[in-house]
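Residue numbering restarts at 1 for every chain, and letters A, B, ... go by the order of the sequence lines.
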Amino acid sequence: MNFYLTYLLVATLLFAFTAIFALVALYAERKVSAFIQDRLGPMETGKFGLLQPFADILKMLHKEFIIPSAADKVLFTLAPIIIYVAVYMGFATLPWAPGVVPVSLNLGVFYIFAILSVETVGILMAGWGSNNKYALLGSMRSVAQIVSYEIPAGVSVIAAVMISQSLDLQEVSAEQGILAAHPIKFLGIWTVNHTGGILAWNIFQAPHLIVAFVIYFIASLAECNRAPFDIPEAESELVAGFHVEYSGIRFAFFFLAEYSMMFLVSMIAALLFLGGWNTPLPNIGPARLADWTTGTAWGICWIVMKAIILVGTQIWIRWTLPRLRVDQLMNLCWKILTPVAFACMLISGIWRLAVM
Amino acid sequence: MIPLEHYLLISAALFCIGLYAVFTRRNAIQVLIGIEFMINAAVINFVAFSKYDKAKLGGQVFALFAIVLAAAGVAVALAIILNVYKYYKTIDPGKIDELRD
Amino acid sequence: MLACGAAVIPLLGAIATYTFSKRNRGSGIAIAGSVLTFVLSALVFYTTWDHTAIHRQISWFTIGDLTFTAGVLLNNLSVLMLFLISGISLLVHIYSAAYMKLDPRLPVYWTCLGLFCFSMMALVVADSLLLIYLFWELVGFSSYLLIGFWNTRQAAVLANKKAFIINRIGDIGFLAGIMVLFSQYHTLDLVTLFSDHGLVASSPRIGGVWVGATGQLSQAWLTIAGAVFFFGAMAKSAQFPLHTWLPDAMEGPTPVSSLIHAATMVAAGVFLLVRVFPLFDQTVLLLIASIGTFTAFMAATIALAQHDIKKILAWSTISQLGYMIAAIGMGSPESAMFHLATHAFFKCLLFLSAGAVIHELQHHYAKSGDTTDPQDIRNMGGLRKKMPVTFIVMTIAALALAGFPGTSGFLSKDAVLVSAFGWGAAEQNVFSVIPYLLFVTSLLTAFYVARLIFKVFFGPAGQEELHEAPAPMRWPMIVLALCCLFPLFSVNPVSFESAWIMAGFYLNAVEAGAYHTYVPVLVSLGGTAAVFFAWFCYGRNRSGNIFTDKGMLYRFALNGWYFDKLYLAVFVKPVVLLSRILFGFDKKVVDGLVNAVGSLGLSLSAVSRWTDRYLVDAAVNGLGSISKTIGNFTRNFQNGRVQYYLLATVAGVLLFFMFTYFL
Amino acid sequence: MNPGELICYILAGVVVISALVVVLTANLVRSVFLFFVTLFALAGLYVFSLADFVAVTQVIVYVGGVLVLMLFAFMLSNKELLNSLRQPAAAKLSMLTNIPAGIVAAGVFTVLAISTKGLQLAAPSGMSLFPAGMLNAGDNTIHLLGVRLMTNYLLPFELASVFLLMALIGAAHLARKGKEST
């Protein structure tokens, strides 16, 4: 029975992490936006407004559950849960450090993409269940966008996976540092099995993966419905998209799902392209920086730092770039990202056969 | 360890449910869902039998093919259903009984 | 071949003018064509006249074992006609170019004229009666077109209809003649039939039976054949019962009148009679002579009283044609041909001069807005000074018509009269009056033509702005005037025997007798007297004192002896009445019969319909409804619903498995 | 019965019951969403049958593809279609006509169940039944599948890819609101 208890504990820990991260990200978003817009942001609650996210969460918890009378009550109720659970289950196979992974699954990336696609069902449920044309339109836009951007994201992920020769994210991470079992080469020429550090990251092992990484990052923005791809919930057009009718704790679930999703895709990017839980510091002669900074705690530290930097970039982009039109969105996806991603995949194959 | 027969029973039940949907539903999309049930019943059998074939893994491979091709079939079928609706203003397969334009 | 060319060129010209009439309206092409025709005809005439006849033919078509041929026969007769026609048509073409200059339908005019010349020439060179018949019809048709050329005028339309219908009547005769000859000889070839030793000449008449080469007929048929041929010629040449179309045909343009109704078309009848001359027996000849003489006399009297200048000339034409016919009837076709040739020239000239006068007057009246009839001689006078050339040439032509010495008319008329007196001396009965009648006619001719000249050219001048006709009209007239004088025909101005045309036809020699001397003298003296009498009546402007407009005889003559009214009363009205009666008969009796049969059929079909519906159909419907019921039942299995099909299929499979497992 | 088997039977029950509800419910949209539950449960069954890759493919294709496509097709189409999808409560007459179909389906199930009952896995004479042994829970099925797909089943794999391309083009052609749609 211990077996199951451990799983339960891990699940609780993950949930706690996503919840706390959402609070932090909420605060960070407000502060970053304020900083970019040259203002102060929340300042009243606590020092520097540090208690603001808790105040928000309290407000949401106290709000009334409103179910519109014309809504499909079952779908309406289930939708936020399904969306959050889909994102939450994605965390199951993410490795945090060498040997630290909730479930070691040999088809980790594939599984994550499968489970994330469930989120679209939840969004459709929310849109349909609200029986509101803004909600329906928002959900349809959202789903169309997610389904479209899954292609370049998936293909660029495959490009990375082909270099790493594994779907298991733990193995992918391990292959990008001094713990690699197979010979790894910096830019395909210099064996860095013992040097490690930033030189062993996937994007430096095979430089075309930098392009794949950028594609994946852009596509992940779209999958999170983050600006500049936030037309599904564009306030000026659709009020708020598929969650317009939601309030209270249900709305908080959407919020939670969104920030968890941000962290999830950032973490996947870090795992696949940026060395995972590996240290960026290489061994330089006698200074065994890589050896010294590799370990369970270091691993968690590095991966969280990398993910948070990417989330920060997402927040930064949100408050910098204007929103895309639907046709620009689709053109970008199908005419630029998808072909380039396919090209990256092709180069990965050639790289794998010819260079490595 | 679930015995093979149980998988086959589940498969048979799912197949018959799909068959019933195909017979009775007055809506082409539900008929389509019925067909998907029947395909999934077949996939269950494939998967269940493939446990005994480690060397070739034919069951799983063909389960994959079946799933992927069924998805393609659904895409085409939905396109056809939408077109049918455009002309007949109904998607009841029982009412679409004319071959003329 | 030249003759063929000569005949065909007008046709080509006609087609060409019709096709290319945009520029200068076809006159150039038409005149060039007729010049070419004339040159070719002259060549043919030169090479063939007084030589052996040329006869070329090809196989045309075959019916059974009879082969019909088509070909060209050139002997003295046909080349003379060819030459005559082409020459006159050339002059008329030139004249027309000026006369018709302002007509909007000039290309059509040239086309019709070309067609006419073609058919006329083809008629005279054709070697078979069938071909002649064809072109005979074509001549009738093209003259129909030309008479009715001004088809917006009611009178012209009526006139061309009349001409056409009367010609049709005559054609029946021609056709009947062809049939008789064909049934007798089984050929229509002219040479075979009518040469010196041809079939007709060598067919004996024995005991009232006409023995032909292939069979024999009653001699009556010979008479009938001749009579019907004459009947055909009668219509074409405007002889007594069928003459009424010719005066009316003057409704056509004057050059047309001149060409068709003076010189060529009407000559076709005479030509035909000369062609088939060996066929005629005594009875027919006598008939021909009588008719011709009567026509000549009658037409002359009518011409005395006419006011319309063209009508006078038309009746005069009929009269002169009567002379020719009479000459043929009196067994002297050579003098008929001679008169035909000379008459062609002076009558053509008379018409052209009259045309010139009318043309000028018409222009004058049109300019002054006057509605006076430009053809009425009562409105004319004193043109002598205004149109001297016209006056001179017309006077020459008039003298030729009157038969004064020095003119061609003197020669030919004498030829006719001398042969008439010669023939008359042999006759014992009432027919001996014929030569005297012809003589009187000759005096009348002199009188009316003098009347015409005096009326038109003498007396007080009425119109001030008149002047001579334009050159293209004047020159043909002058040429024709020269042709009216004796040198063209004979070196000796008083002896017609020395004329080469007479010499060209040695059919039978005219016996030289006392008539030979005194007939010409008497004719000349009588003619002079008649002219003086005319001068006395008209020239000194004392008209009316002898021939009042009220006189019965005058009106009798003016109306052409009331033949038109007679025909209207005798033929047209009864025919109309008869057709009304027949129409009524048709409507009441025939239609009634048909309707009765129809209603009988209707009632029969009603019966059969009842049978059909309640017996036959009932059986069929019964079968049908049985199969329909079965079909309706089975239709449920074929309702187009895929789900039912699938259900049925699966149920069937299920049953199969049930059987395999449980049974 | 260990917890794994328990979960497996629960999943089997979910499959059958949700499938029945999908077929019998009048509310079409709900039935489609329930279809999602059925498919998810089926994926779980595949996992218990040691076909984890097939299970994930099932989820990614059916849930992420087919189901979304179906829902999307509904929602893209016009209002009348949406209304027509909300079927009226099944009339008694229609229930009456459904009885033969139910009988036939039940008959088929009976036949299948009976034939399953007496199932005996028997090898052809002279050959062992499981030459390579049975699949174990620890086996890396992805590795095995990858090797098989690139060796034994390369031709079907390529054929399937061509077929998918054809279906893609065909569906796109059928679904577009072309001027030339006849």
| Most contacts with chain D, counted as non-hydrogen pairs under 4.5 angstrom, among Ala63(B), Gly34(B), Gly18(B), Gly58(B) | Gly58(B)
| Nearest heavy atoms of Pro156(D) and Phe65(B), plus distance in Å | CB-CE1, 3.3 Å
| message | Is Ile67(B) close to chain D through its backbone or its side chain, or both, or neither, when contacts mean heavy atoms under 4.5 Å? | response | both
| remark: Answer key: most heavy-atom pairs under 4.5 Å with chain D among Ile81(B), Val76(B), Val47(B) is Val47(B)
| Checking side chain to side chain contact (heavy atoms under 4.5 Å, CB included) for the pair Tyr7(B)/Phe48(D): CA distance, chi angles, key distance, verdict? | CA-CA 10 Å; Tyr7(B) 280 110; Phe48(D) 279 95; 3.7 Å; yes
| For Phe46(B), is it the side chain, the backbone, both or neither that has a heavy atom under 4.5 Å from a heavy atom of chain D? | neither
| Smallest separation among heavy atoms of Ala79(B) and Ala171(D), with atom names | CB-O, 3.8 Å
| Minimum heavy-atom distance Cys16(B)-Ala105(D), with the two atoms named | SG-O, 3.4 Å
| task | Sort Leu20(D) into side chain, backbone, both or neither according to what part of it lies under 4.5 angstrom from a heavy atom of chain B. | result | both
| Max heavy-atom pair count under 4.5 Å with chain B, selected residue of Phe35(D), Phe53(D), Tyr62(D) | Tyr62(D)
| note | Smallest heavy-atom separation, Lys51(B) atom then Ser49(D) atom, equals CD-O, 3.9 Å
| said: Checking the side chain of Gln60(B) only, and the main-chain atoms of Asp52(D) only, is there a donor and an acceptor separated by less than 3.5 Å? | reply: no
| Side chains of Met70(D) and Leu32(B) in contact at under 4.5 Å (non-hydrogen atoms) | yes
| message | For Ala113(D) versus Leu9(B), what's the shortest heavy-atom pair and its separation? | response | CB-CD2, 3.8 Å
| Non-hydrogen side-chain atoms of Tyr20(B) and Leu24(D) separated by less than 4.5 Å | yes
| Can you tell which of Cys8(D), Gly13(D), Gly102(D), Ala51(D) has the highest number of heavy-atom pairs within less than 4.5 Å of chain B? | Ala51(D)
| query | Which atoms of Leu50(D) come close to chain B, meaning under 4.5 Å heavy atom to heavy atom: side chain ones, backbone ones, both, or neither? | reply | both
| task | Please flag which part of Val43(B) lies under 4.5 Å from any non-hydrogen atom of chain D: side chain, backbone, both or neither. | result | both
| Check: Phe15(B) and Phe109(D) side chains under 4.5 Å, non-hydrogen atoms | no
| Heavy-atom proximity to chain D below 4.5 Å, by part of Ile17(B) | both
| query | How about Tyr46(D) and Asn40(B): do any of their side-chain heavy atoms sit closer than 4.5 Å? | reply | yes
| Looking only at heavy atoms, which two atoms of Gln30(B) and Val22(D) are closest? And how far apart? | NE2-O, 3.7 Å
| Of the backbone (N, CA, C, O) and the side chain (C-beta and beyond), which part of Thr151(D) lies under 4.5 Å from a heavy atom of chain B, both, or neither? | neither
